[in-house]
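Notes to accompany the following structure.
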Number of protein chains: 2
Amino acid sequence: MLRVSKLTDYASVILTHIAHHPAALHTASDLTNATGVALPTVSKILKLLTKKNVLVSHRGSKGGYALAKKPSETNVAEIITAIEGPISMTECSTVSGLCEQESSCEIKGNWHLINRAVYTAIEAVSLADMIAPVRRQAVSFSVPEIVKTSDLKVEN
Amino acid sequence: MLRVSKLTDYASVILTHIAHHPAALHTASDLTNATGVALPTVSKILKLLTKKNVLVSHRGSKGGYALAKKPSETNVAEIITAIEGPISMTECSTVSGLCEQESSCEIKGNWHLINRAVYTAIEAVSLADMIAPVRRQAVSFSVPEIVKTSDLKVEN
DNA sequence: ACTATATAGTACTAAAATAGTCCTATATAC
DNA sequence: GTATATAGGACTATTTTAGTACTATATAGT
């Protein structure tokens, strides 16, 4: 089921809330109240996002979290990477030596290109897009050549 | 880590092998020898792929498995779906009622569009592409409008 | 300086998903 | 009829993920 983890889903909910109130500093307990996600879990997510510069933190009394960048400058790939680590479709795409078949694995190179296609797709979606009303319209972008023009379908 | 499961990875190795020898019928034990993946696991994968019409099976003596379609007509999205079920980035994109925040979840719609973008990317990659040498070249295809032209980068 | 408040970091536990195995039934070739 | 091979389902073990707890550190306000 090619999917993101629950934590990443929660992260998107939390970030969406913060993006709607960009002027304020948000404490972990504020965000618990606003989103319904348990406090320790919110706390964990906020720490991960801060470490990867999606959020900035202010310690101490009157402290809290705020967006590090404008919503349009934070993309979904960053958010997923912050919570789940490097994005890749198969293990051997990120780390060598974990796969017994590695030396004879002829498809590794093409999996890597698929990864790039997927990454390109989610990198192009910003937090600002996430809080915008749903609309759609065709645009174009570049993907690796294994995605051939002849195979493509326009769905919109 | 936005990734496919190990079983899907094995499936790609198995299918690649079959695609290289399209004339023959391949038994589960032949494929174990060819790929190094354990027999019960190979067997499980072959059954899943057959059920979803990626492979066709012939029972009995001299039986085995073969591709149901030409390599160019089987895409990666089909393979992943056969092994892991419907592709979606968040739980609530496929099934309603599993998410407590569902009614107040304003981002559901946009996650759904991200799913489409990812699906479009992997649907465009065929099994024939997987066994081809790695090359690259820019092409274009259509994705939902949340992917804005201004955010796009050409990496090739 | 002291105290209340809030984040930082790390280690641990519990729950869920995934991977892998095994057994019985059924179909086919010779 | 028998050997060979897939079909289907149930089960177990492992790994990953989610969630919790605890201690340290920083800041605001008095």
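Atoms considered below: every heavy atom in the structure, side chains included; atoms not considered: hydrogens, waters and symmetry mates. Proteins get letters first, then strands, A, B, ... in listed order; numbering begins at 1 in each.
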A:Tyr10 side chain near D:dG19 phosphate (N/O to OP1/OP2, under 4.0 Å): yes

Whole-Å distance separating the CD1 atom of A:Ile18 from the P atom of C:dT7: 11 Å

Any side-chain heavy-atom pair of B:Leu127 and B:Val54 under 4.5 Å: no

Earlier contact from the 5' end, DNA chain D, for A:Thr41 and A:Gly63: A:Thr41

Euclidean distance, atom NZ of residue B:Lys62 to atom P of D:dT6 [Å, nearest integer]: 13 Å

Separation of atom CD1 in B:Ile14 from atom C1' in C:dA19, rounded to whole Å: 13 Å

Spatial distance of atom CE (B:Met130) from atom CD1 (B:Ile79) [nearest 0.5 Å]: 6.5 Å

Between CG on residue B:Asn53 and CG on residue B:Leu67, distance to nearest 0.5 Å: 12.5 Å

N or O in side chain of A:Ser5 less than 4.0 angstrom from D:dA18 OP1/OP2: yes

B:Tyr65, nearest nucleotide to its side chain (from D:dT6, D:dG19, C:dT7): D:dT6

Atom-pair distance (CG on B:Leu7; C1' on D:dT14), nearest Å: 13 Å

Heavy-atom closest pair, residues A:Ser57 and A:Thr50: OG-CG2, 3.9 Å

Any donor-acceptor N or O pair under 3.5 Å, side chains A:Thr32, A:Ser29: no

A:Leu31 CG to A:Leu39 CG distance, which is reported to the nearest 0.5 Å: 10.0 Å

Nucleotide D:dT6, atom C1' - distance to CG of B:Asp30 in whole Å: 13 Å

Atom-to-atom span, NE2 of B:His26 to C1' of D:dT6 - whole angstrom: 16 Å

Closest nucleotide among D:dA7, C:dA29, D:dT20 to the B:Arg59 side chain: D:dA7

First encountered from the 5' end of DNA chain D, between A:Gly60 and A:Ile83: A:Ile83

Out of D:dA28, C:dT7, D:dT4, whichever nucleotide has its closest atom nearest the side chain of B:Ser61: D:dT4

Residues within residues 42-55 of chain B bordering DNA chain C, heavy-atom distance below 4.0 Å: B:Lys44

Euclidean distance, atom CG of residue A:Leu25 to atom P of D:dA26 [Å, nearest integer]: 19 Å

Atom-pair distance (CG on B:Leu39; P on D:dA7), nearest Å: 13 Å

Interatomic spacing from CD in B:Glu78 to OG in B:Ser126 - rounded to 0.5 Å: 10.0 Å

